[in-house]
Visitor: 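One structure follows; several queries about it will come next.
The first residue of the sequence shown is numbered 1, and numbering continues consecutively from there. The model shown is predicted, which means the values in this text are computed figures rather than measured ones.
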Amino acid sequence: MSAIVLGMGLLFLLVGCGKKNRHAEGEKLAKIHCASCHMFQNPETLPRKVWGEMVLPNMGLKMGMSHGPIYTYTDTDSAKILNPTLTQEEWDKIVHYYLNRSENSIPKYSTQDQMVDHIFEPHIFMLDSLPLITMTWYNEELNNLILGNGSNSTLITLNMDGEILKTKTLESPAVKMIQKDSLDYLLTIGHLNPSDEAKGKLQIGDSAIEGLIRPVDFLIHDINSDGYDDVFVCNYGNNVGDFSWFENFGNSSYNKKIIHPLSGAIRVEITNMDADEEDEIVVLFAQEHELMMIWDYDKNSFNGKKVVQFQPAFGSVDFQLRDMNGDGLKDIIIGNGDNSDLSTVLKNFHGVRVLINKGDKEFSEEYFMPVHGVSKIMAEDFDMDGDTDILTISNFGDFTDPKFKSVHLLINEGGLKFKPKYINGLPDFRWQTLDVADYDQDGDLDVFIGSFNFKAGPVESNISDKGNISWVKLENKTK
């Protein structure tokens with residue numbers, strides 16, 4: 001009997017060791033093959049079902065693998081053009097690693113009770129034809145609000161009472177508009193849904209830059225000091241995209257030069273990020289890349305450095321550059337919350353982060369507040385007390401949680417401590433676009449928010465039956 005027990009114990013030990021070794025091999029292979037395209041992602045960041053049904057099949061197809069231990073692709077045409085980057089045995093080990101080391105669910109963060117804040121008075125506007133706001137821009141010169149309507153690709157101009165003054169039909173939804181030197185710059189995306197078609201366009205007065213790949217942001221700056229405003233474009237794309245410089249040669253002539261050939265470029269700014277006297281270009285890449293790059297420009301060339309990177313499910317959406325600790329260096333406030341692709345579950349690592357600039361383009365995360373589905377952030381002194389507060393809006397929120405707030409005002413209390421408050425009278429809704437301006441010219445900053453009530457993302461984010469709020473004006477009552 002003792003011999004049998006000993007033999008069974010040895011068998012279980014060998015089986016356990018075999019599984020452990022197999023998982024160790026799968027982890028090692030994942031860090032080699034998966035992390036060649038993006039940051040290595042630990043299995044516990046997503047539920048087992050999401051790994052098995054969505055992420056691994058999609059990742060496998062990109063790596064040239066036609067199937068795995070639990071699935072087979074039904075698209076035979078895709079299988080014919082696969083170019084495997086590893087053996088089937090290696091891929092099976094990666095799949096086993098993620099399926100066996102992940103859990104059935106990921107823990108939710110505990111939503112805290114928040115105090116109400118009376119800084120803003122909300123004015124809510126409902127327009128039947130505007131459920132999908134793709135752009136919210138306040139025109140200071142005309143004292144008008146301009147909205148991009150994604151449902152029918154129109155550009156709508158309204159006064160501060162919400163009356164429609166003008167409507168213009170576009171080729172595709174508008175995502176950004178600015179004015180500079182009497183020129184209107186209007187960016188249209190081409191396709192709202194994932195696409196690699198070059199249907200986007202930047203209209204510049206009477207001329208245009210066409211053939212953009214699902215563009216979402218742009219920057220106007222004469223980088224080479226030749227007297228012509230150059231254009232930098234975030235071609236978000238889907239599988240294909242880039243961050244590009246369109247050098248302006250005058251007479252509406254632009255020459256495209258790709259600075260970084262990655263899809264997912266979502267936001268660009270230019271400012272001084274270090275101790276020199278020159279400005280740098282800062283770009284956020286989303287998709288699976290989830291990184292921030294800073295480029296120096298010198299003699300017609302760009303020298304870039306990766307300064308921040310997250311794992312692929314972080315859903316980076318927006319950033320602001322402000323000096324949050326008074327050391328003279330711009331820090332990064334970043335929002336994570338996109339949740340509409342492969343892993344549409346609520347994630348406890350979504351939220352707002354403050355990354356402190358340590359010099360020499362090195363950053364350290366010093367503050368994090370979990371918020372489901374952050375879509376935009378704005379860092380300004382909203383309460384007029386001399387420091388920078390943070391306003392966040394969410395699209396993919398947990399609307400099943402009565403404590404969840406889709407708009408947070410993080411009041412700066414000093415020392416990188418913030419008190420989250422909610423805005424009295426503002427309903428929890430799916431918000432996507434944001435702009436800030438002193439529309440009533442009383443000395444404080446007001447806010448404009450656009451809704452995007454579209455059934456996508458986690459089931460907890462669905463509020464498609466809750467009306468047709470289009471946009472909100474938050475009147476700042478500080479002054």
Visitor: Is Ser406 reaching over with its side chain to a backbone N or O of Phe429, donor-acceptor style, under 3.5 angstrom?
Guide: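 Judged by distance alone, yes, a pair lies under 3.5 Å.
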Visitor: Should we count NZ of Lys257 as having more than 12 external heavy atoms under 6.0 Å?
Guide: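 More than 12 within 6.0 Å, yes.
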Visitor: Counting only heavy atoms not in Lys49, do more than 12 sit closer than 6.0 Å to its NZ atom?
Guide: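 For Lys49, atom NZ is not crowded (no more than 12 foreign heavy atoms under 6.0 Å).
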Visitor: Quick one: are His289 and Met39 in side-chain contact, heavy atoms under 4.5 Å?
Guide: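 In short, these two side chains do not touch, never coming nearer than 4.5 Å.
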Visitor: Please give me the minimum heavy-atom distance between Asp196 and Asn239, naming the atom from each residue.
Guide: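 Scanning both residues, the minimum pair turns out to be OD1-N, 2.9 Å.
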Visitor: For this output row, return yes or no: ring centroids of Phe120 and Phe382 closer than 6.0 angstrom.
Guide: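 Distance test on ring centres: under 6.0 Å, yes.
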Visitor: Go through the steps for Thr111 and Asp401 under the test side chain to side chain donor-acceptor pair (under 3.5 Å), then give the verdict.
Guide: CA-CA 8 Å; Thr111 306; Asp401 182 354; 2.7 Å; yes
Visitor: Do Asn339 side-chain atoms and Phe396 backbone N/O form a donor-acceptor pair below 3.5 Å?
Guide: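 Not at all, since once roles are kept as given, no pair shorter than 3.5 Å links the two residues.
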Visitor: Restricting to side chain to side chain donor-acceptor pair (under 3.5 Å), what partner residues turn up for Tyr297, sequence neighbours left out?
Guide: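 Applying side chain to side chain donor-acceptor pair (under 3.5 Å) to Tyr297 gives Asn300.
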Visitor: If a pair satisfies salt bridge (charged side-chain N to carboxylate O under 4.0 Å, His left out) and one of its residues is in residues 276-287, list it, with sequence neighbours excluded.
Guide: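 Not a single pair qualifies under salt bridge (charged side-chain N to carboxylate O under 4.0 Å, His left out).
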Visitor: Using a distance-only test with no angle check, is there a side-chain donor-acceptor pair under 3.5 angstrom linking Glu247 and Asn255?
Guide: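 Result is no, nothing qualifies.
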Visitor: Give a yes or no on whether Lys305 atom NZ has more than 12 heavy-atom contacts from other residues, nucleotides or ligands under 6.0 Å away.
Guide: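 Yes, NZ of Lys305 has more than 12 neighbouring heavy atoms, counting only those of other groups under 6.0 Å.
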Visitor: Does Lys108 have any salt bridge (Lys or Arg N to Asp or Glu O under 4.0 Å) partners at least two apart in sequence or in another chain, and if so, which?
Guide: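 Checked Lys108 against salt bridge (Lys or Arg N to Asp or Glu O under 4.0 Å); matches are Asp398.
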Visitor: Residues two or more places apart in sequence or in another chain: which of them pass side chain to side chain donor-acceptor pair (under 3.5 Å) with Thr433?
Guide: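 Once residues adjacent in sequence are excluded, the partners of Thr433 under the side chain to side chain donor-acceptor pair (under 3.5 Å) criterion are Thr136.
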Visitor: Taking atom types as modelled, find out whether Asn453 and Ser451 have a side-chain donor-acceptor pair closer than 3.5 angstrom.
Guide: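 Note: Asn453 and Ser451 side chains miss the donor-acceptor criterion.
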Visitor: Is there side-chain contact between Leu410 and Pro420, with heavy atoms separated by less than 4.5 Å?
Guide: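 They are in contact (side-chain heavy atoms under 4.5 Å apart), so the answer is yes.
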Visitor: How many angstroms lie between CE in Met177 and OG1 in Thr188, if you round to the nearest 0.5 Å?
Guide: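 With rounding to 0.5 Å, CE (Met177) is 11.5 Å from OG1 (Thr188).
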Visitor: Return yes when atom CD of Glu171 has more than 12 non-hydrogen atoms of other residues, nucleotides or ligands closer than 6.0 Å, and no otherwise.
Guide: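 Counting other residues, nucleotides and ligands, CD of Glu171 stays at 12 neighbours or fewer.
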Visitor: What pairs of residues pass the salt bridge (charged side-chain N to carboxylate O under 4.0 Å, His left out) test when at least one of them lies in residues 320-337, not counting sequence neighbours?
Guide: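 For residues 320-337: Arg322-Glu380.
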Visitor: So, is the end of the Lys473 side chain (NZ or CZ) under 6.0 Å from the ring centre of Phe448 and within 45° of the ring's axis?
Guide: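 Because its charged atom misses either the 6.0 Å distance or the 45° angle limit, Lys473 does not stack over Phe448.
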Visitor: Test salt bridge (Lys or Arg N to Asp or Glu O under 4.0 Å) on Arg267 and Asp318 and set out the steps.
Guide: CA-CA 7 Å; Arg267 179 158 160 73; Asp318 197 13; 3.1 Å; yes
Visitor: For Asn139, give me all partners under side chain to side chain donor-acceptor pair (under 3.5 Å), at least two apart in sequence or on another chain.
Guide: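 In terms of side chain to side chain donor-acceptor pair (under 3.5 Å), with neighbours along the sequence ignored, Asn139 is linked to no residue.
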Visitor: Tell me, yes or no, whether the heavy-atom count around Phe454 atom CZ, taken from other residues, nucleotides or ligands under 6.0 Å, exceeds 12.
Guide: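 Open: at most 12 neighbouring heavy atoms sit under 6.0 Å from CZ of Phe454.
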Visitor: Out of Tyr138, Phe452, Phe125, Trp431, which one pairs with Trp471 under the ring-ring contact (aromatic ring centres under 6.0 Å, His included) rule?
Guide: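 The option that passes is Phe125.
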Visitor: With salt bridge (Lys or Arg N to Asp or Glu O under 4.0 Å) as the test, would you mind laying out the steps for Lys477 and Glu475 before giving the verdict?
Guide: CA-CA 6 Å; Lys477 308 297 287 188; Glu475 181 184 357; 3.4 Å; yes
Visitor: Between Gln287 and His38, is there a side-chain donor-acceptor contact under 3.5 Å, judged purely by atom types and distance?
Guide: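 Checked: His38/Gln287 side chains show no N/O donor-acceptor pair below 3.5 Å.
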Visitor: Is it true that the side chains of Ser364 and Glu366 contain a donor and an acceptor less than 3.5 Å apart?
Guide: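 Yes, side-chain donor-acceptor contact under 3.5 Å.
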Visitor: Does a side-chain heavy-atom distance below 4.5 Å link Asn336 with Val352?
Guide: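 No, side chains not in contact.
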Visitor: May I ask you to check if Arg214 and Tyr236 form a cation-pi contact, with NZ or CZ under 6.0 angstrom from the six-membered ring centre and within 45° of the axis?
Guide: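 No, a cation-pi geometry is absent between Arg214 and Tyr236.
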Visitor: Would you say the side-chain atoms of Ser316 and Glu290 include a donor-acceptor pair closer than 3.5 Å?
Guide: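 There is such a pair between these side chains.
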Visitor: Quick one: do the Asn235 and Asp242 side chains pair a donor with an acceptor below 3.5 Å?
Guide: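 Looking only at side-chain atoms, Asp242 and Asn235 do form a donor-acceptor pair, the distance falling under 3.5 Å.
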Visitor: How far does CG of Asp229 sit from CG of Asn248, to the nearest 0.5 angstrom?
Guide: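 Taking CG in Asp229 and CG in Asn248, the distance rounds to 7.0 Å.
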Visitor: How about Arg430 and Asn395: does a side-chain donor come under 3.5 Å of a side-chain acceptor?
Guide: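 A donor-acceptor contact under 3.5 Å links the two side chains.
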Visitor: Search all heavy atoms of Tyr109 against all heavy atoms of Val371 and return the closest pair with its distance.
Guide: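 For Tyr109 and Val371, the tightest heavy-atom pair comes out as OH-CA, 3.5 Å.
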Visitor: Could Lys176 and Tyr185 be counted as a cation-pi pair, given that NZ or CZ must be under 6.0 Å from the ring centre and within 45° of the axis?
Guide: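 Because its charged atom misses either the 6.0 Å distance or the 45° angle limit, Lys176 does not stack over Tyr185.
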Visitor: Are there over 12 heavy-atom neighbours, none belonging to Lys361, within less than 6.0 Å of that residue's NZ?
Guide: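 Yes, enclosed.
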Visitor: Checking side-chain polar atoms at under 3.5 Å, does Ser253 have a donor or acceptor matched by the opposite partner on Asn251?
Guide: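 Result is no, nothing qualifies.
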Visitor: When you compare the side chains of Ser343 and Lys347, does any donor N or O come within less than 3.5 Å of an acceptor on the partner?
Guide: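 Their side chains do contain a donor-acceptor pair, which is all the 3.5 Å distance test asks for.
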